[in-house]
Amino acid sequence: MWKLMLSFARPSGSYVGAVSPFATELASKGLIKPGHSRAFRLRTGSCSCTRADFSTAASSTALGGAHAQPFARASATGLTSGQAKARPGRSPNAAPDWLFRQGNKAPAAPDPARQKSSNVVNIQGAAAPEAGLCAKPEHLQAKQANAARGLADTQAKHSVNSNNSTAQQRAAPSPQDADAERRQLSLSGSASTSAHTPAQQASPITHATVNPHQSPMAQQMHSNGPGSLSHSGATVTSRQPSSHLPGSSDAASEPSQYAHKEVQFDVAASRKQGGNAIRDLLETQKITLQEYAPGQKPKTRCPRCHGGSQHEDSLAVNISVDSLSAAWKCHRATCGWEGGIDQKAVLPKSKKTAVNKVEKPQTGNFRPLTPEFLAYFASRGISERTLRRNQVAQESTWMPGQPAGDAIAFPYLRNGEVVNVKYRTLNKCFRQVKGAEKILYGLDDVVGQDTIIIVEGEMDKLALEEAGFMNVVSVPDGAPAKVKEGAVPAPDADTKYSYLWNCRAVLDQATRVLMATDNDPPGHALAEELARRLGRERCYRVHWELPQPELVDGEEEGLSEQALIEACVRKDANEVLMKNGPDGLRLCIDQAEPLPIRGLFRFSDFEQDMWSLYNLEFGEQMGKSTGWQSLDEVYRVVPGELTIITGVPNSGKSEWIDALMVNLADQFGWRFGLCSMEKKVTDHARQLMEKHLRKPFFDGGYAGSTPRMTGDDLGEGIAWVDDRFFPIRYEDEALPSVDWVLNVAKAAVLRYGIRGLLVDPYNELDHQRPSHMSETEYVSQMLTKIKRFAQHHDVHVWFVAHPRQLRDWKGQPPTMYDISGSAHFINKADNGLVIHRNRDPQAGPMNEVQIFVRKVRNKAAGTIGESCC
């Protein structure tokens, strides 16, 4: 199988050799389009495809365009249309006999009118093309009809043979009847097939791509080595959530996006050979993935060539839809390593984890539930039908601290075999079989599912089944009191959550895991612990909260806080079922939210900020006025941005920035951090007070006829500058680094609430860089740090950088690319300004400062142009 899959792991254009005979045969029978035969081109050499038997009874909608996953599913199992597979491990001889003792009646025959429309051909003839699908030519339809009739004849013969039983045998309830009802429950759809669109019915099962974050389970397996699984194999039956389960609405409704999906492959048959999870098999080849769900994986590092000198991710890996095999190929020309592996592979002894001897539960004393227990479940909204499907029984057994009597028995099954049993009394006393293996309750119901719902108790699992959700499992041991600090333990030491490691072969296949644990602190802690092991990137949280009731006509006020909690907040799934019914459960499940990942957001997380931006609530979205009307047309100050300023010496850069900061402080009350290493603190304070009071500090030629500030003016100026500006000075003799400046500026944000930061100039900072790093790389990393600081703290940063020595300079303004060091000064800046003063009397006034705006990233706050101040 993996040899065929290998062709899917190659990118477009890399196929070698001719179209395989098998693909030609499929095309001739109308099962694939001729243009799609490229998907079956095989590489010459050892990777060749042998012909596989495939029935023409499969409809065109079942294979679609012969994509990799539907074809791999069909060819791996040999399933043909009309064939039904049994539930894992549920052979006729293995059906539990305690379900039909003491006069229990066999379930009624399934109602065909309530069965979901299938995209598989009917045994009476070839399926007609559904609406929206292209009809095949008549001669191809005739071929399919003949093949379907042949299949019907074969099944009719088996039917005749099976009907040669005695009347007594026909009258007696049989395990096959129980299994038939269970399959019918799983397959039954909505009341009207019109609730499903043709596209929904015809589309093949696909698996979504998971965010590329490696879960602790994957990390642990890579560091500690894989464990071994000992699962027996069986076939998974197709199941769909039914809107006609007891307690649900009769009205047809759209199926939940998280509902149980149809699966039509032999998931566990090969596990009888070795029982190895696909991650364990890949680990033997030193291939580690971010996740192990079926489908094409993002490229990873090749363990043979290690990505070459560039350390590129060049290894393409494809996991089959049943997670039983995988194929890979390295796309580096000098490597080209390719291969595959399947469940028949045997792990090296050094890679296997010792398996402790486990106890096998005894089910010989199981009895059908008495009316007392059935009444208890009915009071919790659980029907007898659901209990029978999940093989819930009762047994006279010892319970800790309880008098002798009967207890409810929840069997934990894997591939149809009971591996553990949890006992429960009506007064909530619990125990499990000592020494038995810990697994998830309902494990067989989630095999092959891309969405799995995890709850905190067996009652919650049964409650969700009443709402039509079959793809549900429950943890066996309840919830912890709080999240345990520290890293996730190694698999052999993670005893509290050993059931996750024991079931990882099934859990790895899921692309979405819904945490539907209880709505209390232990339930929240359990959800967090599960997410740490399964990977937050695929985990969603279910909140057991219902919408607030609408006000009734005449009511002026809503419910009180306590009444609102009682009306909307629930503890768990079973309570929602009891108080709000199946519709309430479906609503909660459909509103599951992805668990937050640090650093990963959605735009909806900022919806309120976008409305504030639209309504100009903060008054800063369009930028703050500079105080010069002519300059506001091309440049405005926006919090969170970085402005790079340059200009030749004595152009007035520092004076202009001081004037800008004084305007912002006077108009908007802004505060600033001043890392100005070229000025003394007293001189800088003098210059700021002169601009604020508009009076000179001294008498002298620079003051002209304007009188100097008085003592009262000086006192007012000192108080004002002390409240608005905060010098940042390095008290040692060495030069400060950018990291030091940003750390002090962060403290100024938290303590004084500064909105602006001045770093003047760049060459007064310590720029020691590693020997292997170029100046361009250093400048890039430095400016990235400054921009992150500005954005995170909503602070505007002005960064002054001098131009390099200009040759043949004739008084013209420099450009941003003339800054000494790197072009990143202009590339990474939000705004780029050139401050220039005219030095030619004949060219214009020499006391006027020209502002050239050379870059503006935020077009709502400025544009490229120039102005005079």
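For the residue pair D450 and Q509, no side-chain donor N or O sits within less than 3.5 Å of a side-chain acceptor on the partner. With no hydrogens or angles considered, a side-chain donor-acceptor pair links E466 and T386 at under 3.5 Å. Side-chain contact of Q296 with N318: a donor-acceptor pair under 3.5 Å is present, judged by distance alone. Donor-acceptor pairing under 3.5 Å is recorded for the side chains of R512 and T451. Between the side chains of Y412 and E458, at least one donor N or O lies within less than 3.5 Å of an accepting N or O.
Take D572 and apply the salt bridge (Lys or Arg N to Asp or Glu O under 4.0 Å) test, not counting sequence neighbours, and it matches no residue. The salt bridge (Lys or Arg N to Asp or Glu O under 4.0 Å) test applied to E575 returns K579, not counting sequence neighbours. Applying the side chain to side chain contact (heavy atoms under 4.5 Å, CB included) criterion to P596, with sequence neighbours excluded, gives R536. Residues passing the side-chain hydrogen bond (donor to acceptor under 3.5 Å, both in side chains) test with K496: none are found, sequence neighbours excluded. Applying the salt bridge (Lys or Arg N to Asp or Glu O under 4.0 Å) rule to D520 yields no partners; only residues at least two apart in sequence or on another chain are considered. Partners of K428 under the side chain to side chain contact (heavy atoms under 4.5 Å, CB included) rule, at least two apart in sequence or in another chain, are R424, F430. Judged as a side chain to side chain contact (heavy atoms under 4.5 Å, CB included), and not counting sequence neighbours, the contacts of A407 are T397, M399, Y423, T425. Remark: Q362 engages no residue in a side chain to side chain contact (heavy atoms under 4.5 Å, CB included) (not counting sequence neighbours). Considering only residues two or more places apart in sequence or on other chains, D518 meets the salt bridge (Lys or Arg N to Asp or Glu O under 4.0 Å) condition with K571. Listed by chain and number, the residues in a side-chain hydrogen bond (donor to acceptor under 3.5 Å, both in side chains) with D460 amount to none (sequence neighbours excluded). Applying the side-chain hydrogen bond (donor to acceptor under 3.5 Å, both in side chains) criterion to R541, with sequence neighbours excluded, gives T517, H524.
For the atom pair SG (C588) and CD (E545), the distance works out to 8.5 Å, reported to the nearest 0.5 Å. Distance check: Q285 CD to L315 CG gives 10.5 Å after rounding to the nearest 0.5 Å. A distance of 11.0 Å separates OG1 of T511 from CD of E537, quoted to the nearest 0.5 Å. With rounding to the nearest 0.5 angstrom, the OH atom of Y499 is 13.0 Å from the CG atom of L443. Here Y540 contributes atom OH and I454 contributes atom CD1; the two are 14.0 Å apart, rounded to the nearest 0.5 Å. C305 contributes atom SG, which lies 11.0 Å from atom NE2 of H311 (distance to the nearest 0.5 angstrom).
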Check step by step if salt bridge (charged side-chain N to carboxylate O under 4.0 Å, His left out) holds for K299 and E312.
CA-CA 9 Å; K299 288 185 179 179; E312 59 182 313; over 6 Å; no
Under the salt bridge (charged side-chain N to carboxylate O under 4.0 Å, His left out) rule, what do E529 and R533 come out as? Steps first, then yes or no, please.
CA-CA 7 Å; E529 290 287 7; R533 289 157 175 83; 2.7 Å; yes
Checking R414 against E417 for the salt bridge (charged side-chain N to carboxylate O under 4.0 Å, His left out) test, could you report, in this order, the C-alpha distance in whole Å, the side-chain angles of both residues, the deciding distance, and whether it holds?
CA-CA 5 Å; R414 182 174 59 206; E417 179 186 2; over 6 Å; no
Run the side chain to side chain donor-acceptor pair (under 3.5 Å) check on N471 and Q449 step by step: do they pass?
CA-CA 7 Å; N471 51 328; Q449 294 297 305; 4.6 Å; no
Go through the steps to decide whether T288 and L282 satisfy the test side chain to side chain contact (heavy atoms under 4.5 Å, CB included), and finish with yes or no.
CA-CA 7 Å; T288 303; L282 291 173; over 6 Å; no
Report the C-alpha distance between V317 and L289 in whole Å, list the side-chain angles of each, state the deciding distance to 0.1 Å, and finish with yes or no for side chain to side chain contact (heavy atoms under 4.5 Å, CB included).
CA-CA 9 Å; V317 181; L289 303 177; 4.1 Å; yes
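Side-chain N or O atoms of R538 include one that pairs as donor or acceptor with a backbone N or O of A510 at under 3.5 Å. For S320 (side chain) and S325 (main-chain N/O), a donor-acceptor pair under 3.5 Å exists by modelled atom type. Between the side chain of K461 and the backbone N or O of V472, at least one donor-acceptor pair lies under 3.5 Å. Looking only at distances, a side-chain donor or acceptor of N519 sits under 3.5 Å from a matching main-chain atom of R570. Of the possible donor and acceptor atoms, none in the side chain of D494 sits under 3.5 Å from a partner among the backbone N and O of A490. With D605 contributing its side chain and R602 its backbone, the two residues share a donor-acceptor pair below 3.5 Å. Counting only distance, with no hydrogens or angles, the side chain of N574 and the backbone of R380 share a donor-acceptor pair below 3.5 Å.
In this structure, the side chains of D477 and K438 come closer than 4.5 Å at one or more pairs of heavy atoms. Considering only heavy atoms from C-beta on, L534 comes within 4.5 Å of C539 through its side chain. For the pair I382 and L577, the minimum side-chain heavy-atom distance is below 4.5 Å.
Across all non-hydrogen atoms, the minimal contact from Y441 to P411 is CE1-O, 3.2 Å. Residue I341 comes nearest to L281 through the heavy atom pair CD1-O, 3.6 Å, listed as atom of the first residue, atom of the second, then distance.
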Identify every side-chain donor-acceptor pair in residues 480-488 under 3.5 Å, counting partners at least two apart or on other chains, and give the distances.
none

